[in-house]
Amino acid sequence: MSHLSLRQLFSTVSSALAADALDHLNLRNQCLARDIVPLAPSHTLLGPAFCLRAEPARETRPAVPYHGLLQAMEHVQAGEIVVFGTGRSDAAGVWGELITTACRTRRVAGALTDGLVRDAARLAGGPFPIFSRGTVPYDSKGRLDVVAHGEPVTLGGVLIRPGDVLIGDLDGVTVVPAEVTGRVAELVADKRAAEDAFRAAAAESGSLADAFQRYGVL
């Protein structure tokens, strides 16, 4: 599926609606841990995953700093979301202003990590969406090294494979497996129509039970 088609299907889909659709498909463990949050309330994610994995650095003064990161980032494509798996490391900020500048030029769609970021004041005020567990001033050099890219990673208890669709907002991040994106989009459309009817009925009668009985959503 092209990135344009993906945006057409999911442009108005929330993480909650996507999670409901995945529940219907018995995929009930697709939302990341609740401590992975947007750097700013306006930041939202929508796009396929481009996966990186980092591990504790073997050398505090590497001969070639950031080698794995620089190599990996040459492969990210426009419209993709960089998924930075760190094993929930608190060692350093794996994302900052300079890497964001390069990614914006390449039209990357956002960044997601189970680690930490830095340069938060500048990043929170910008349009590039970033989700993480928090912030720290430390640089990753000599603390964390990117050791793989283009391979599945696990974030917040959820397996994310390259190409899986990420939908993130203030409620959290939902991971839609690539092979069910079309079905999820259909289920979301059905759920949204039922919710609109429920909303109108509840506004008219004030009865939650009556609206639920008629439309079966809540």
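Throughout, numbering of the chain's residues begins at 1 and tracks the sequence.
Taking CZ from R53 and CD from E151, the interatomic distance works out to 6.0 Å, rounded to the nearest 0.5 Å. Taken to the nearest 0.5 Å, the CG atom of L144 stands 4.0 Å off from the OG atom of S89. Residue R28 holds its CZ atom at 4.5 Å from CG of D23, rounded to the nearest 0.5 Å. Taking OG of S132 as the reference point, atom CZ of R118 lies at 13.5 Å (rounded to 0.5 Å). Between the OG1 atom of T113 and the CZ atom of R88 there is a distance of 10.0 Å, given to the nearest 0.5 Å. For the atom pair OG1 (T174) and CG (L27), the distance works out to 12.0 Å, reported to the nearest 0.5 Å.
No single ILVMFWY cluster, assembled from side-chain heavy atoms under 4.5 Å apart, contains both L116 and L39. L46 and F50 sit in two unconnected hydrophobic clusters of ILVMFWY residues. Membership requires side-chain heavy atoms under 4.5 Å apart, directly or through other members. L52 and L159 sit in two unconnected hydrophobic clusters of ILVMFWY residues. Membership requires side-chain heavy atoms under 4.5 Å apart, directly or through other members. Hydrophobic clustering (ILVMFWY, side-chain heavy atoms < 4.5 Å, transitive): V117 and V37 are in distinct clusters. Linking Ile, Leu, Val, Met, Phe, Trp and Tyr residues whenever their side-chain heavy atoms come within less than 4.5 Å places L22 and F10 in a single cluster.
Side-chain contact check for S15 and D169: at least one donor-acceptor pair (N or O, by modelled atom type) lies under 3.5 Å.
Not counting sequence neighbours, the partners of R122 by the side chain to side chain contact (heavy atoms under 4.5 Å, CB included) test are E97.
The two atoms that bring F128 and A111 nearest to each other are CE2-N, 3.8 Å, heavy atoms only. In plain terms, the two heavy atoms of P48 and G79 that are nearest each other are CD-O, 3.4 Å. The shortest non-hydrogen separation linking A120 to T135 is CB-CG2, 3.7 Å. The two residues V108 and Q77 make their nearest non-hydrogen contact at CG2-O, 4.2 Å. The two residues A19 and C31 make their nearest non-hydrogen contact at CB-SG, 3.7 Å. The minimum heavy-atom distance between V176 and A18, with the atom names listed, is CG2-CB, 4.3 Å.
Checked by atom type and distance alone, the side chain of H43 pairs as donor or acceptor with a backbone atom of G126 at under 3.5 Å. Side-chain atoms of R106 come within 3.5 Å of backbone N or O of V76 as a donor-acceptor pair. Between the side chain of D114 and the main chain of T86, a donor-acceptor pair closer than 3.5 Å is present.
Taking 4.0 Å as the cut-off between side-chain N and carboxylate O, E179 and R161 count as a salt-bridged pair.
Contact annotation: the side chain of Q30 approaches that of P177 to within less than 4.5 Å [non-hydrogen atoms, C-beta and beyond]. Proximity of P38 to T44: side-chain heavy atoms (C-beta onward) are nowhere separated by under 4.5 Å.
Between F84 and W95, the ring planes lie perpendicular to each other; the angle is over 60°, past the 30° to 60° tilted range.
L45 forms part of a hydrophobic cluster together with L32, I36, I81, V83, L112, F131, V153, L155, V158, I160, L166, V173, V175, judged by ILVMFWY side-chain heavy-atom separations under 4.5 Å.
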Distance-only check: which donor-acceptor pairs under 3.5 Å involve side-chain atoms of residues 65-74, not counting sequence neighbours?
unit_1	atom_1	unit_2	atom_2	d
Y66	OH	D139	OD1	3.3
Y66	OH	D139	OD2	2.5

